[in-house]
Amino acid sequence: MGRKPPSRGGGDKRRVDFRPNRQRPGRRKQWHPPAEQDNRHDQVAPFSESVQARGDLSRKRTIIEQGGDVPDGSLAEGIAVAVRGQFVDVDDGQCVWPCTVRRILRTMSIRDRHPVVAGDRVWFAVVADSQGQLKEGVIVRVAPRRTSLTRSDGRKTHVIAANVDQALIVSSIREPVLKPHLIDRYLVACHAGNLTAIICVNKCDLDTEGETNEIVDRYRCLGYAAIATSAATGQGLQELRTLLAGKATLLAGQSGVGKSSLVNAIQPSLNLPTAAVSATTEKGRHTTTTAVWLKLDIGGAVIDTPGIRALDVAMIPLNELETHFVEFVDRLQHCRFPNCVHIHEEGCAIQEAVDAGEVDPSRYDSYVELFYELSETRKSRYE
Ligand SMILES: Nc1nc2c(ncn2[C@@H]2O[C@H](COP(=O)(O)OP(=O)(O)O)[C@@H](O)[C@H]2O)c(=O)[nH]1
Ligand SMILES: [Mg+2]
Ligand SMILES: [Zn+2]
């Protein structure tokens with residue numbers, strides 16, 4: 001950076017987004033939060049800040065933080081494991097601290113629902129109560145996210161979890177019956193979100209027709225890691241452990257397929273509630289719909305996202321859909337028409353590959369289904 005920031009104790013100058021509802025610059029050069037606004041945060045957080053807007057058009061403001069990128073040694077460091085309303089549970093490796101979030105962080109990311117999400121690496125100051133007992137923390141700094149998992153509600157994109165490496169797409173061969181299209185939908189979502197996907201076909205103890213291997217092979221042939229498991233008999237669990245160790249893995253899949261049972265089988269101490277619950281009771285069962293970060297003894301974590309079972313594909317541009325089917329990619333250049341959408345066109349390399357048995361018809365059907373779904377989404381949005 002070179003330039004010395006003009007703060008008292010020195011520090012890092014950072015440009016952050018202004019609150020969208022504040023167009024005009026403030027009159028005062030020095031900004032302090034009004035006394036009645038949670039000034040406890042400022043007592044414990046040893047940072048000074050000065051806030052200035054540059055004229056009417058500025059959408060950013062500069063904050064100066066003491067401590068820079070290496071936060072003060074008195075701060076504790078941890079991983080946000082769950083967000084519950086205004087509180088964030090932070091695991092420092094020894095215990096979980098309930099933490100609030102310092103006001104400036106909330107202001108910085110006013111557009112987000114919450115400035116801290118599960119998986120964020122954070123630094124926090126510990127606050128003592130009137131008896132001097134340490135009781136909670138105040139998060140003063142969030143590390144830049146390596147990855148972020150987002151969800152779109154049609155208008156806005158929300159971050160669900162940070163620093164996730166891969167997704168475990170869980171389905172069951174029976175109860176509920178396996179839906180290959182759902183697997184393909186999750187694969188497209190993972191591919192679009194740069195998440196490595198692992199396919200897990202659970203409840204293989206209920207497979208009387210030997211279908212599990214067929215499904216597993218289908219995805220292995222495409223280059224995905226795919227396993228057959230049974231939380232009931234223990235089949236495939238060693239492979240699953242190997243795939244999860246040291247990675248942060250998002251759990252994806254319909255309710256009832258056995259996600260919680262698999263996690264319990266791998267780490268019984270987590271003792272997650274399991275049961276085939278109906279869609280209506282499922283809603284009331286969770287007090288939160290945000291992600292939960294469950295640390296694994298084998299290293300890494302699994303991220304459970306109650307309420308967000310279906311990874312969203314709505315934000316994928318229609319003309320990119322074909323690129324998210326791995327077996328299509330090398331064939332696309334052979335379609336006769338450059339704008340081929342691989343549905344009715346003559347000379348389409350994808351349809352020919354399906355006819356020749358080189359592309360699985362079920363995968364092609366998933367493509368067609370998603371193509372029409374995304375076309376409809378575009379229409380309803382722009383008409
Ligand atoms: N037979 C059989 N049942 C299973 C298996 N895994 C889970 N279940 C049952 O399926 C139901 C739903 O499991 P749960 O882990 O709660 O699914 P989740 O909603 O995906 O977390 C429970 O009744 C489990 O006992 C399995 O591998 N085999
Ligand atoms: Mg569950
Ligand atoms: Zn084509």
Side-chain angles (χ1 to χ4, degrees), residues 146-152 157 160 163-171 178-201 211-228 239 243 247-253 310-379 381:
R146 205 160 36 76
T147 67
S148 55
L149 188 76
T150 58
R151 174 177 67 83
S152 143
T157 313
I160 309 166
N163 304 327
V164 174
D165 300 303
Q166 58 185 17
L168 185 73
I169 303 174
V170 186
S171 53
L178 189 116
K179 299 184 186 70
H181 292 321
L182 202 53
I183 299 181
D184 292 332
R185 172 183 293 267
Y186 283 127
L187 282 175
V188 167
C190 286
H191 201 265
N194 280 326
L195 275 182
T196 303
I198 301 167
I199 289 138
C200 171
V201 182
E211 296 155 274
T212 313
N213 288 340
E214 197 185 302
I215 300 281
V216 166
D217 285 347
R218 180 192 299 171
Y219 291 101
R220 280 189 184 159
C221 285
L222 298 176
Y224 294 106
I227 51 171
E239 279 171 286
L243 289 165
K247 297 271 170 57
T249 309
L250 174 80
L251 292 179
L311 286 174
D312 196 13
V313 291
M315 68 282 223
I316 297 172
L318 187 56
N319 59 357
E320 266 180 28
L321 179 65
E322 59 187 19
T323 65
H324 299 308
F325 282 76
V326 286
E327 69 274 49
F328 288 14
V329 175
D330 285 341
R331 297 186 160 93
L332 295 172
Q333 55 186 317
H334 301 300
C335 290
R336 186 179 305 160
F337 305 109
N339 58 350
C340 185
V341 297
H342 328 298
I343 295 186
H344 302 301
E345 295 88 343
E346 289 287 313
C348 168
I350 305 298
Q351 292 171 78
E352 282 165 9
V354 176
D355 293 341
E358 292 162 15
V359 163
D360 192 293
S362 162
R363 291 272 298 163
Y364 177 72
D365 288 349
S366 296
Y367 166 79
V368 174
E369 188 182 290
L370 281 171
F371 181 86
Y372 283 122
E373 187 182 308
L374 291 181
S375 319
E376 284 306 308
T377 316
R378 298 295 176 284
K379 263 200 226 146
R381 212 175 280 175

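None of these values were measured; they are calculated from a predicted model. The figures here come from the full heavy-atom set of this structure, side chains too, leaving out hydrogens, waters and symmetry mates. Just so you know, residue 1 is the first one in the sequence shown, and it goes up from there.
For the pair Y219/L187, a side-chain contact is recorded, criterion being any heavy-atom separation below 4.5 Å from C-beta on. Considering only heavy atoms from C-beta on, Y364 comes within 4.5 Å of F328 through its side chain. Side-chain contact between L182 and S171 is absent, with no heavy-atom pair separated by less than 4.5 Å. Here the side chains of E345 and R336 are not in contact, with every heavy-atom distance at 4.5 Å or above.
No donor-acceptor pair under 3.5 Å is formed between the side chain of E327 and the backbone N or O of R363. Looking at T147, its side chain does come within 3.5 Å of a backbone N or O of V164 through a donor-acceptor pair.
Taking every heavy atom of both residues into account, P180 and S366 meet most closely at O-OG, 4.4 Å. Of all non-hydrogen atoms in L178 and V201, the two that sit nearest each other are CD1-CG1, 3.8 Å. For the residue pair A226 and R220, the shortest heavy atom distance occurs at O-NH2, 2.7 Å. Closest of all the heavy-atom pairs between I169 and A197 is CD1-CB, 4.0 Å. Contact detail for R331 and I350: the closest heavy-atom pair is CB-CD1, 3.8 Å. Taking each heavy atom of H181 and S362 in turn, the nearest pair found is CE1-O, 3.5 Å.
Using bins of under 30°, 30° to 60° and over 60° for the plane-to-plane angle, the ring pair H191/H324 lands in the perpendicular bin. Aromatic ring orientation, H342 versus Y367: tilted (interplanar angle from 30° to 60°).
Considering L243, T212, V216, I199 in turn, L243 is the only one that fulfils the side chain to side chain contact (heavy atoms under 4.5 Å, CB included) rule with I227.
Put simply, CZ on R185 and CD1 on I183 are 13.0 Å apart, with the number rounded to the nearest 0.5 Å. Here CD of E369 is found 9.0 Å from CG of D184. Values are rounded to the nearest 0.5 Å. Between atom CD of residue E373 and atom CD1 of residue I316 there is a gap of 10.0 Å, rounded to the nearest 0.5 Å. Between the CG atom of L250 and the CD1 atom of I198 there is a distance of 11.0 Å, given to the nearest 0.5 Å. Within the model, atoms CZ of F371 and CG of D365 stand 15.0 Å from one another, a figure rounded to the nearest 0.5 Å.
When the shell of 6.0 Å around CD of E346 is examined, it contains 12 or fewer heavy atoms from other residues, nucleotides or ligands.
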